[in-house]
Participant: 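Structure incoming, see below.
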Amino acid sequence: MMDSMIQYTNATLLAVADFLAAEPIIYLFAIACMACMIKVFRALLP
């Protein structure tokens, strides 16, 4: 029972990692991070 749960969790995490490693996801994540950084810089500047 425990081995099957470990294998299921491992396969699920690998599938999520493969999905997040796809290029469009990385680009969207970078744009979101850049937008947050711009908001922070604009808040810090008078």
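Just the heavy atoms: all of them, side chains too, but no hydrogens, waters or symmetry mates, feed the values below. In this text the structure is predicted, and so the values were computed from the model without any measurement.
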Participant: Residues in side chain to side chain contact (heavy atoms under 4.5 Å, CB included) with I38, at least two apart?
Facilitator: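 Only M34, R42 meet the side chain to side chain contact (heavy atoms under 4.5 Å, CB included) criterion with I38.
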Participant: How far does CG of D18 sit from CG of L13, to the nearest 0.5 angstrom?
Facilitator: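 Between D18 CG and L13 CG, I get 11.0 Å after rounding to 0.5 Å.
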Participant: Out of curiosity, N10 CG to M5 CE, how far, rounded to the nearest 0.5 Å?
Facilitator: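 Result: 12.5 Å between the selected atoms.
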Participant: With a cut-off of 3.5 Å and sequence neighbours excluded, list every side-chain donor-acceptor pair involving residues 21-29.
Facilitator:
{"residue": "E23", "atom": "OE1", "partner": "Y27", "partner atom": "OH", "Å": "3.4"}

Participant: Taking transitive links into account, so neighbours of neighbours count too, which hydrophobic residues share a cluster with I31 at under 4.5 Å side-chain distance?
Facilitator: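 Once heavy-atom contacts under 4.5 Å are chained together, I31 still belongs with nothing else.
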